[in-house]
Amino acid sequence: MINEKIKAAIQKYSDELTELRRRFHREPELSWEEFKTTAFVCEYLESLGISFRKTEPTGVIATIEGGKPGKTVALRADMDALTVEELNRDLPYTSQVEGKMHACGHDAHTAMLLIAAKALSEIKDELPGNVRLVFQPAEEVAAGANEMVKQGAMEGVDNVFGIHIWSQMPTGKVSCSPGPSFASADLFTVKFTGRGGHGAMPHDCIDTAIVASSFVVNVQSVVSRTIDPQQPAVLTIGKMVVGTRFNVIAENAVIEGTIRCFDTKTRDHIEELLKHYADQVAAIYGAAAEVDYIRGTQAVINDEYSAKLVQTTAAAAFEDDVLYVEKPTMGGEDFSFYLDHAPGSFALVGSGNPDKDTEWAHHHGKFNIDEDALAVGAELYAQYAWAYLNE
């Protein structure tokens, strides 16, 4: 069910939508530091007459109250930027903060949800229910969603919907398939302790450079040899710090990495074997191992009803060929925590356009979006809310 007033409003405010996104892009703020962004969102919502409250330390929860009784649907946008140096120096809206940029598209998400809120507020008397607006901080550190939930973002919510701009998809395409969308994302640290000494006397030492290297090579077999190949999983060692000097045998080594998968049993299995491998490799060389395993985001699993509603809504609102099937990604998203409290779905909106050089990977210094995708995302937010409340 498409609301033509929403479509007209999004088109009417398309220039404002672009300017909002550029404003946020010029002034990126890191996780838990989104103070200017939060203040602007509050001012904008106040100008629309939408009730809101600021969450602590940053973030905003707002509600558009419909003129008729009904359910409540939540729309979520994240706001934080990254510690990435912008390499697109010739853009009129390039980051003005050294070493920080919106390299993932959260500037677009915030702008799209603000314009969606503006369109929905104009038809609020027709809404059979309420629309909860969640402007979330700290997605990039996988902590914001949990905090927003604790501060009441999901109270009374029947369904939740989120969008992510996606540079690996053509501009304007929409992907939202039932089932797995984003993987769980865990972090781990392994510390090995041996016995240091002079590089000329290895027989008196326990060399943690050898221990750590052996662990890095052997732990890969956890995925390649102990997990069903039909259960996707990734184990990545991203950092290894060992040694202090060319002629000193290292006493300590620290390894950091991440685990990605979609299945809970697979996740448990990898955590257990990671610790087992660390202990056994250390024992071979007479060293000691300490493992710190931190569970980050859960897997984002799209509810079948919600995902299909996104598909039918997008097909009705845009061209028939708007729908796109993007394979599940091993990237993480803390949108998963909202799904613990209500069914919902998470859609991808394509922003990749080779003619505009917007196909760079997320988190890259040259990441940018085709701004033609903004209106698609803003309308999809609003039309989904309308469609869900009218089901």
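Just so we're clear, the structure is a prediction, and the values are computed from it rather than from any experiment.
Judged by distance alone, the side chain of T171 and the main-chain N or O of G352 form a donor-acceptor pair under 3.5 Å. In this structure a side-chain-to-backbone donor-acceptor pair under 3.5 Å is missing from H341 to E155. Not one N or O on the side chain of T329 forms a donor-acceptor pair closer than 3.5 Å with the backbone of S181. Side-chain N or O atoms of S351 include none that pairs as donor or acceptor with a backbone N or O of D370 at under 3.5 Å. The closest donor-acceptor contact from the side chain of D158 to the backbone of T72 lies under 3.5 Å. A distance-only check finds a donor-acceptor pair linking the side chain of T55 to the backbone of G59 [under 3.5 Å]. A donor-acceptor distance shorter than 3.5 angstrom exists from the side chain of T312 to the backbone of L309, with no hydrogens or angles considered. Judged by distance alone, with hydrogens and angles left aside, the side-chain atoms of T110 form a donor-acceptor pair with the main-chain N or O of H106 at under 3.5 Å. The backbone N or O of M330 sits less than 3.5 Å from a side-chain atom of R260, completing a donor-acceptor pair. Between the side chain of H102 and the backbone N or O of H25, no donor-acceptor pair lies under 3.5 Å.
In the model, N247 has a side-chain atom that pairs as donor or acceptor with a side-chain atom of R245 under 3.5 Å. Residues S306 and N302 have side chains that never bring a donor and an acceptor to within less than 3.5 angstrom of each other. Side-chain contact of Q136 with D334: a donor-acceptor pair under 3.5 Å is present, judged by distance alone. Judged by distance alone, the side chains of T189 and D292 never bring a donor and an acceptor atom under 3.5 Å apart. For the residue pair Y277 and N218, no side-chain donor N or O sits within less than 3.5 Å of a side-chain acceptor on the partner.
V281 and V254 are assigned to two separate hydrophobic clusters, defined by single-linkage of ILVMFWY side chains at heavy-atom distances under 4.5 Å. By the rule that hydrophobic residues join a cluster once side-chain heavy atoms approach within less than 4.5 Å of another member, V241 and V219 end up as members of separate clusters. Hydrophobic clustering (ILVMFWY, side-chain heavy atoms < 4.5 Å, transitive): L323 and V310 are in one cluster. I206 and F192 sit in two unconnected hydrophobic clusters of ILVMFWY residues. Membership requires side-chain heavy atoms under 4.5 Å apart, directly or through other members. Residues W32 and V60 are members of separate hydrophobic clusters, defined by side-chain heavy-atom contacts under 4.5 angstrom among Ile, Leu, Val, Met, Phe, Trp and Tyr.
By the neighbour-count criterion of 12 heavy atoms within 6.0 Å, atom CZ of R225 is sparsely surrounded, having that number or fewer from other residues, nucleotides or ligands. Enclosure of atom NZ in K356 by more than 12 non-hydrogen atoms of other residues, nucleotides or ligands within 6.0 angstrom is indicated. For Q231, the CD atom sits in a packed shell: over 12 heavy atoms of surrounding residues, nucleotides or ligands are nearer than 6.0 Å. Within a 6.0 Å radius of CD in E19, more than 12 heavy atoms belonging to other residues, nucleotides or ligands are found. No more than 12 heavy atoms of other residues, nucleotides or ligands shown are found within 6.0 angstrom of CD on E46. Other residues, nucleotides and ligands contribute only 12 or fewer heavy atoms inside 6.0 Å of the NZ atom of K308.
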Assess the residue pair Q220 and L235 against the criterion (side-chain contact (heavy atoms from CB on, under 4.5 Å)); give the C-alpha distance rounded to whole Å, side-chain angles, the decisive distance to 0.1 Å, and a yes or no. CA-CA 7 Å; Q220 299 302 322; L235 190 161; 4.1 Å; yes
I would like to know whether E271 and D186 meet side-chain contact (heavy atoms from CB on, under 4.5 Å); could you show each step before the answer? CA-CA 9 Å; E271 179 180 358; D186 298 338; 5.9 Å; no
For V131 and L389: C-alpha separation, side-chain torsions, deciding distance, then whether side-chain contact (heavy atoms from CB on, under 4.5 Å) applies. CA-CA 9 Å; V131 181; L389 295 179; 4.0 Å; yes
Assess whether salt bridge (Lys or Arg N to Asp or Glu O under 4.0 Å) is satisfied between E122 and K118, documenting all intermediate values. CA-CA 7 Å; E122 293 182 356; K118 190 170 187 176; 6.0 Å; no
Could you go through E391 and K71, starting from their C-alpha distance and side-chain angles, then the distance that decides it, and tell me whether this counts as salt bridge (Lys or Arg N to Asp or Glu O under 4.0 Å)? CA-CA 10 Å; E391 279 284 293; K71 298 172 289 187; over 6 Å; no
Apply side-chain contact (heavy atoms from CB on, under 4.5 Å) to T193 and T208, showing your working. CA-CA 7 Å; T193 303; T208 55; 5.7 Å; no
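Taking CG from D78 and CD1 from I163, the interatomic distance works out to 11.0 Å, rounded to the nearest 0.5 Å. With rounding to the nearest 0.5 Å, the separation of CZ in R295 from CZ in R267 is 4.5 Å. Between the CD atom of Q298 and the OG atom of S184 there is a distance of 8.5 Å, given to the nearest 0.5 Å. Once rounded to the nearest 0.5 Å, the distance linking CZ of R132 with CD of E65 reads 9.5 Å. Taking CG of N368 as the start and CG of N88 as the end, the distance is 5.5 Å to the nearest 0.5 Å. To the nearest 0.5 Å, atom CG of residue L87 and atom OG of residue S95 are 11.0 Å apart.
I165 and A373 get closest at one heavy-atom pair: CD1-CB, 4.2 Å. Of all the heavy atoms in A282 and V211, the pair that sits closest is CA-CG1, 4.2 Å. The two atoms that bring L75 and A385 nearest to each other are CD1-CB, 4.2 Å, heavy atoms only. Nearest heavy-atom pair, H364 versus A103, reported as atom, atom and distance to 0.1 Å: O-CB, 3.8 Å. Contact record, A361 with Q168: CA-NE2, 3.6 Å, taken as the closest heavy-atom pair. Here the closest non-hydrogen pair linking A250 and V242 is CB-CG2, 3.5 Å.
Counting heavy atoms from C-beta on, the side chains of D321 and K173 come closer than 4.5 Å. Within the 4.5 Å cutoff, no side-chain heavy atoms of S345 are placed close to those of Q311. At a threshold of 4.5 Å between non-hydrogen side-chain atoms, the residues I64 and L133 count as touching. In this structure the side chain of E98 reaches within 4.5 angstrom of the side chain of E85, judged on heavy atoms. Looking at heavy atoms from C-beta onward, F135 lies out of side-chain contact with T38 at the 4.5 angstrom threshold. The closest side-chain heavy-atom distance from W386 to E126 is below 4.5 Å. The closest side-chain heavy-atom distance from L120 to I6 is below 4.5 Å. No side-chain heavy atom of E139 sits less than 4.5 Å from a side-chain heavy atom of S31.
Under the salt bridge (Lys or Arg N to Asp or Glu O under 4.0 Å) test applied with K100, the options E29, E33, E34 reduce to a single match, E33. When each of Y388, Y305, Y384 is checked for a side chain to side chain donor-acceptor pair (under 3.5 Å) with N159, only Y384 meets the rule.
Taking the six-membered ring where the residue is Trp, F161 and Y381 present perpendicular rings, their angle passing 60° and hence far from 30°. Between H362 and H164, the ring planes are perpendicular. Angles over 60° get that label, and only those under 30° would be called parallel.
Residues forming a ring pair (Phe, Tyr, Trp, His ring centres under 6.0 Å) with F262 (at least two apart in sequence, or on another chain): none.
Residue I61 belongs to a hydrophobic cluster whose other members are V134, M148, V149, M154, V157, V160, W166, M169, F182, V300, Y324, F335, Y338, L339, F346, L348, with links defined by side-chain heavy atoms closer than 4.5 Å.
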